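The next block holds one structure in the form of structure tokens; read it before the comments.
Bear in mind the structure is a predicted one, so any value in this text is a computation, not a measurement.
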Amino acid sequence: MQLHELLLPLADYSLAARSSTPDLAAEQPTLVFLHGWQDNANSFAPILPQLAPHFRVLAFDFPGHGLSPHRSEHCYYPFVDYLDELQQVLSLLASPYILVGHSMGGMLAATYAGLCQDENLKGLVLLESTGPIADSPDLAVERLQKGLKARQKWRKQRHKVHRGYETMDFAIAQRSRINRIDPVQITPLVERALECRQGRWFWRHDRKTALPSLTRFTEPQVESILRQIQVPIFTLLAEQGYDWLKQDLKLRKTWLHAFECEILAGCHHFHLQCPDLVSAKILAFAAQNFAQETTEKASK
């Protein structure tokens, strides 16, 4: 199915997006896809066409990622700021929706669900995510110190000229090694992440996205957020993914009232390695929870 390239108007700028419909005005159950850190909407490239015949699909690039604009020169990318942009995007929908988030996108989906209490939100699918990362309170000073030093270093080096890559294949090979994934599987994501200038290839993402956060939630704060989630959650983790996610899950699943988890073969980007299986899992979850919405409306 052909996907449409859209611009989603926010208060300060527009975000680049891919959708199965040319606009978001029509009321239609929607799967909203949230990509991970330094990824983009094409993180879901092999999944979107499989789900589009059943529901509207919408995947957008967060600021500083993919085809979306960077924040202003003096603005950074703290985790909580993405929540504001996510809320603005979701306000464009007049339909029931399910959030599907990978990694950072899953952290944002879970955090948003704990905060918003939006009656149009019908469920969460978290890919390689168990909610926001938590830090010990004892690490607060150290994290602030490291974050401030990183910003000072950035300001000194922000005008440094980067050589880029001679060919796109070099960039694809680099991401393939880093993410432990076949070059063919990572290619759509990398294509959307690159731009060509004067015959060389450069990453589009804002280099400030690599700077460490000044703060993180504590585990009690994460518990407070996750306990507020009122919708079903379906978590898919990777066998060769991050081990700390599986450790977090042992405790965090006790905070959730409607939770299911499966572990699938693959690495952190397992949804690119087995898109057919992941698509089928998402489809089954979405069909069940959107159908429940229809049933509840009919009974009123």
Side-chain angles (χ1 to χ4, degrees), residues 12-13 15 34-40 43 60-66 68-87 101-112 114-115 126-162 171 174-175 177-180 189-190 193-194 202-226 237-238 241-249 252 267-269:
D12 299 315
Y13 36 67
L15 298 183
L34 313 179
H35 65 75
W37 175 71
Q38 292 196 342
D39 286 352
N40 55 62
S43 176
F60 65 92
D61 300 328
F62 278 108
H65 295 75
S68 286
H70 297 181
R71 291 179 182 156
S72 65
E73 184 178 5
H74 303 293
C75 290
Y76 295 90
Y77 293 84
F79 174 80
V80 292
D81 280 12
Y82 290 115
L83 293 169
D84 180 30
E85 287 131 355
L86 174 57
Q87 186 173 48
H102 171 245
S103 194
M104 181 187 81
M107 299 177 200
L108 289 164
T111 305
Y112 181 82
L115 301 176
L126 307 182
L127 309 177
E128 271 285 278
S129 174
T130 57
I133 296 175
D135 253 358
S136 165
D138 297 337
L139 297 177
V141 172
E142 179 183 350
R143 174 161 290 280
L144 278 166
Q145 291 172 334
K146 287 183 176 179
L148 290 173
K149 287 180 180 177
R151 291 187 181 188
Q152 291 170 353
K153 184 177 179 181
W154 155 255
R155 283 190 285 270
K156 293 177 181 178
Q157 299 181 351
R158 62 186 173 187
H159 298 301
K160 179 180 178 181
V161 177
H162 288 254
Q174 183 186 60
R175 276 298 301 257
R177 288 193 300 271
I178 292 172
N179 295 127
R180 296 180 297 151
L189 189 156
V190 175
L194 290 175
F202 298 85
W203 297 114
R204 291 179 182 271
H205 63 252
D206 191 336
R207 286 182 289 155
K208 296 198 299 295
T209 60
L211 298 179
S213 297
L214 297 184
T215 61
R216 278 182 178 168
F217 294 130
T218 63
E219 196 69 17
Q221 289 174 321
V222 173
E223 179 181 359
S224 176
I225 292 169
L226 296 186
L237 300 181
Y242 296 140
D243 288 336
W244 56 267
L245 289 173
K246 301 177 183 68
Q247 294 300 316
D248 282 352
L249 187 64
R252 294 186 177 191
C267 65
H268 186 58
H269 285 76

By side-chain contact (heavy atoms from CB on, under 4.5 Å), which residues pair with [X], not counting sequence neighbours?
X      : result
Asp135 : Leu139, Arg143, Arg216
Ala134 : Glu219, Val222, Arg252
Leu148 : Leu214
Asp81  : Arg71, Pro78

Could you tell me the separation between the [atom1] atom of [X] and the [atom2] atom of [Y], rounded to the nearest 0.5 Å?
X      : Y      : atom1 : atom2 : value
Asn179 : Asp39  : CG    : CG    : 7.0 Å
His70  : His65  : NE2   : NE2   : 9.0 Å
Asn40  : Leu189 : CG    : CG    : 4.5 Å
Gln38  : Asp206 : CD    : CG    : 9.5 Å
Ile133 : Leu245 : CD1   : CG    : 8.0 Å
Arg175 : Trp203 : CZ    : CH2   : 6.0 Å

Minimum heavy-atom separation for [X] to [Y], with atom names?
X      : Y      : value
Trp37  : Ala210 : CZ2-CA, 3.8 Å
Pro137 : Thr218 : CG-CG2, 3.9 Å
Thr209 : Gly64  : CG2-O, 4.0 Å

Listed by chain and number, what are the side chain to side chain donor-acceptor pair (under 3.5 Å) partners of [X], not counting sequence neighbours?
X      : answer
Glu73  : Arg158
Ser68  : none
Arg207 : His162

Solution key, residues 101-112 side-chain donor-acceptor pairs under 3.5 Å, sequence neighbours excluded:
residue: His102; atom: NE2; partner: His268; partner atom: O; Å: 2.9
residue: Ser103; atom: OG; partner: His268; partner atom: NE2; Å: 3.0
residue: Thr111; atom: OG1; partner: Met107; partner atom: O; Å: 2.7

Check whether any side-chain heavy atom of Pro63 sits under 4.5 Å from a side-chain heavy atom of Tyr77, and report yes or no. yes

How would you list, by chain and number, every residue that makes a ring-ring contact (aromatic ring centres under 6.0 Å, His included) with Phe62, sequence neighbours excluded? His35, Phe60, Tyr82

Taking ring-ring contact (aromatic ring centres under 6.0 Å, His included) as the test, write out the residues that go with Phe79, two or more places apart. none

Quick one: salt bridge (Lys or Arg N to Asp or Glu O under 4.0 Å) pairs with a partner in residues 102-111, sequence neighbours left out? none

What residues, two or more places apart in sequence or in another chain, satisfy salt bridge (charged side-chain N to carboxylate O under 4.0 Å, His left out) together with Lys149? none

If you count every heavy atom of other residues, nucleotides or ligands that lies below 6.0 Å from Lys246 atom NZ, does the total exceed 12? yes

Step by step, would you call Asp61 with Leu15 a side-chain contact (heavy atoms from CB on, under 4.5 Å)? CA-CA 6 Å; Asp61 300 328; Leu15 298 183; 6.0 Å; no

Between Glu128 and Tyr242 (side chain of the first, backbone of the second, donor and acceptor by atom type, cut-off under 3.5 Å), is there such a pair? yes

